[in-house]
Q: 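I have a structure here, written as structure tokens, and I will follow up with some questions on it.
Fair warning: this is a prediction, and the values are worked out from it, not measured in the lab. The chains referred to below are lettered A, B, ... by the order of the sequence lines, with proteins before strands, and numbering in each begins at 1.
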Amino acid sequence: MKLALASSLWARRSELRIEVHTVAYSPLRAFSFLCRDFLGLGESALSEDYFWRRYCGFVRRLRFDLAANPTSLRAASSGAVDGLKEYRHGVEKRRRAYPGMADAATDLLDSAAALVESSDAPLLEHLFYTDLLRSGRENLVGIVVPESRYLGPLRRELESLGVDAVPLTPRSLGGYETYERLIFSGPTAWFPDSVVTSPRSSELVFVHFDWVGPDSPPRPLLPGRDSAGWGQGGLPAPVHRTPPGGAAAHSTLVIADILPTIDWDMLQTDVYSSVAGEDVSAVATARLCLLEGGLAAFLWGHEEGRVFVMTFDHGKTAVGDILVSELTPGDYVLLRTEGGGDYMVELAWRILGGKAKAVQVAQDHWKTALAQQLREVGVEAVSLALQRRAAAAASPQNVKAWCTADRIQPGTLDDFRAVMQVLGLEAHADEYWRLGRQLVRARIRAGHRIRTLLLEQAGACDLEVLHERGRADFRLEDGGGGISAFRVIGLAPGTVEVPAYRVQDPFQLGGAQWPG
Amino acid sequence: MTLAPGVIGDVVDRLGFLVGGARLPVPDWAAWLIKLGAYLGARSQSRPPINALLGVPTRDFAACFAAMGVVIQRALDPDHSLSVRQHFLRLASSLPGTAVNLQVGGRGLEGVLDGIADLGGDRGRVVRVRVTNRDGGNEARLVPEYQCYRVQLADEEHSLGEKKKSHRAKGLTPFVEECLGGATAVRLVEGARTDCVVYGTLALLGSELTEQEFSTGGGVRGVLADVVRPKSLVGPGLPHRSCIIRSPVAATSDGPEAPVVVFDGARAFLSGWKRASRMNTMIVLDRAEPRFGDGLDLGLALLREGGTLREPPADLAVMPPGLEVAFFERFR
């Protein structure tokens, strides 16, 4: 890269000016306060009832979409009309059991119904009124929205209005492209700190409704009284602008109440119940990963579980594998969507060729024995027995993982010997270890091959479409079938036990698909 | 040794970068990073080690400029004289007639060793070198012990009496000479050692070190790799001064020893920090990178566990806008 580009980014930071514009719109304010009051009552009182939990998630999500999407309220809440009908029906069914709650819920739905039919676009109108969308020089104006789902409708609306501004998400701002002005639809807390601390324009404007706030400063490098606030790191304090005749906010909702969250408990319960009845001869520890487009996947949950990801650094696309525990929202995981199973495992067997059978027999022999041992005496007892034989890595989690195809064998010969001793297979230790190492080397070669194939595909990927849709599909040569890149929405904090074959197999979520 | 701001300041003043044929001065943030590298390099013997945790709008070129500062500072370091003494001993143990190259005013003359002489008194010991003069004959040159780095063992035999074209020492490019001045430039290419280890993405660092052209006020062009001299990028047989390690690295405590370690990005820091527990470090955290928060959490945890915040040194007190720094000493 060129030093001039780097200098331009430093210059944007040193010349930074920040404005905050607050917009009044009373129907949405009224709905938001009703929502706040209902959530305050409902979420704790009804946490065991999944209908009300889904209802709360639905209204929370609707409130956020209406507040954050600068398009018309109708476009911002597309899909909510059916949801409103469905929940109205559900509320009526529960009126007898929850009379007070049902009244409040109905009032909220009535308030929402008026909004989702409205063609008003208060935030966009404000941008026109204040001339913020006008660009005079070489660079364009960008409108940054918190979620990529808003990009398509916003783009269409701007095109219909003949506006040249570029819809963006925070993810789009990681490269070298700079803008004359960047307009953010929401307060600073809805966006990563980097939009301010590593800005792609020297003019940042945060536009949001007057009941949302405050606009908090980015996390300082050093915590402490003197370093907090907008002055730290030389950041300019924002200039606040209220439209003429705009009302001061009567009260301010705390940011945390507005940002959608993922109800992992409910999600995992929903998903887990769908796999509970399946064949559990091979069980794996997994973490649920929520993906763009209402999809999800279980990823390896043991401490060394890895997944292929596509990354973008300084305009270059790369493919690699990282620890599942290192995944963050916004990353792109690569999962097989056609062909089934783990392609790396399949390719490794092919690489082994004639040696595969002996390796497979050895793996099946001791893994089956280990799984049997776990069923008979329990994982804690087996783990303890191994640790008494100085197996350093024999945590219960690892012991379970060693039964699966993902973990070929323990990382050290000493640990492996301990496992074979516990299983009464000590006589086979050296031979099985050697065969396992062959599989390890084949997996490494398979990983390199897959990386090469994916890189060839990723290089031709339309990144703009990928960032907007949150998904891109590829076909691998070599019989690899279909593989897709999915944007990660969230990764569950805990692990669950699922049939091993479900791991890395994306599936459609029913019910609530989005964080709510 | 205290920092020699004059020398570093001179280097910064001489250095410009090329954009479409035009030459621009290095930006303030780059100059600051060069000085930071020099500061850390000057205190390589200090205990406890010093750490500089940086938050930057972009980490592009940050590690490379800092490494440049380290390498230049270390070339000025009088402790370098230890290697001068070792070099003198090596010359003294070489046979008379051994082919050498003698640096005179930035130019190299071919010659042969003619032994060591002790002139006594203030003049002390000298290396005697017979070089070919302009007329094609040979003449004796006496090089004081403290300047013996100007005498380098040659790879090829050359016989005296032939008029040979003088040449530059291997690795000593016109750009390095113009940038650093003759004596410092020669010291830079004298012997191989690792003054600085940089952990980061090989492709990105390599690109920064080799693709961006710089030039001196006199119009002589070069790249940062000419000064930073990473082992993987200098030519075969040429002395290196730094080392680039691809990150992420295995989380062990093994790694090349160097007075200063630079982590280019949070990912490099998160995977490699254990390798630098006893060394001065510079940790560059790009505010826009996905794992900035994780990197910052680790940095603050190290500070809490056994570190003491320090004020920035006077030479570095004026920071470029957009730069955030925490200096701390770490006791364990």
Q: Would A:Asp321 and A:Arg306 pass as an ion pair if we require N to O under 4.0 Å?
A: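 Salt bridge present between A:Asp321 and A:Arg306.
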Q: Is the backbone of A:Ala393 close enough, under 3.5 Å, to the side chain of A:Asn398 for a donor and an acceptor to pair up by distance?
A: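 Indeed, once roles are kept as given, a pair shorter than 3.5 Å links the two residues.
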Q: Not counting sequence neighbours, list each pair that qualifies as a salt bridge (Lys or Arg N to Asp or Glu O under 4.0 Å) and has a residue in residues 292-301 of chain B.
A: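 Of all non-adjacent pairs touching residues 292-301 of chain B, those that pass salt bridge (Lys or Arg N to Asp or Glu O under 4.0 Å) are A:Arg219-B:Asp297, B:Arg291-B:Asp294.
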Q: Using heavy-atom distances under 4.5 Å, tell me whether B:Leu303 contacts chain A through its side chain, its backbone, both, or neither.
A: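 When you check distances to chain A, only side chain atoms of B:Leu303 fall under 4.5 Å.
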Q: By a 4.5 Å heavy-atom criterion (distance strictly below it), what part of B:Leu18 contacts chain A: side chain, backbone, both, or neither?
A: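 Neither part, no heavy atoms under 4.5 Å.
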Q: Under a 4.5 Å cutoff for heavy-atom pairs, which residue among B:Val26, B:Val56, B:Asp28, B:Leu296 has the most contacts with chain A?
A: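 Among the listed options, the one with the most contacts to chain A is B:Leu296.
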Q: Side chain to side chain contact (heavy atoms under 4.5 Å, CB included) for B:Phe65 and B:Leu224? Distances and angles first, verdict last.
A: CA-CA 8 Å; B:Phe65 280 126; B:Leu224 290 180; 4.1 Å; yes
Q: With chain A as the partner, which of B:Gly299, B:Pro290, B:Ala288, B:Ala30 has the greatest number of non-hydrogen pairs under 4.5 Å?
A: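 Among the listed options, the one with the most contacts to chain A is B:Ala288.
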Q: Which one, A:Pro170, A:Ser14, A:Ser194, leads in non-hydrogen pairs under 4.5 Å with chain B?
A: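 Counting heavy-atom pairs under 4.5 Å, the top option is A:Ser194.
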Q: With a sphere of 6.0 Å drawn around CZ of A:Arg171, does it hold more than 12 non-hydrogen atoms of other residues, nucleotides or ligands?
A: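 Buried by this count: over 12 neighbours within 6.0 Å.
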Q: Counting heavy-atom pairs closer than 4.5 Å to chain B, which one of A:Val196, A:Thr197, A:Leu16 comes out on top?
A: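 Top option by heavy-atom pairs under 4.5 Å: A:Thr197.
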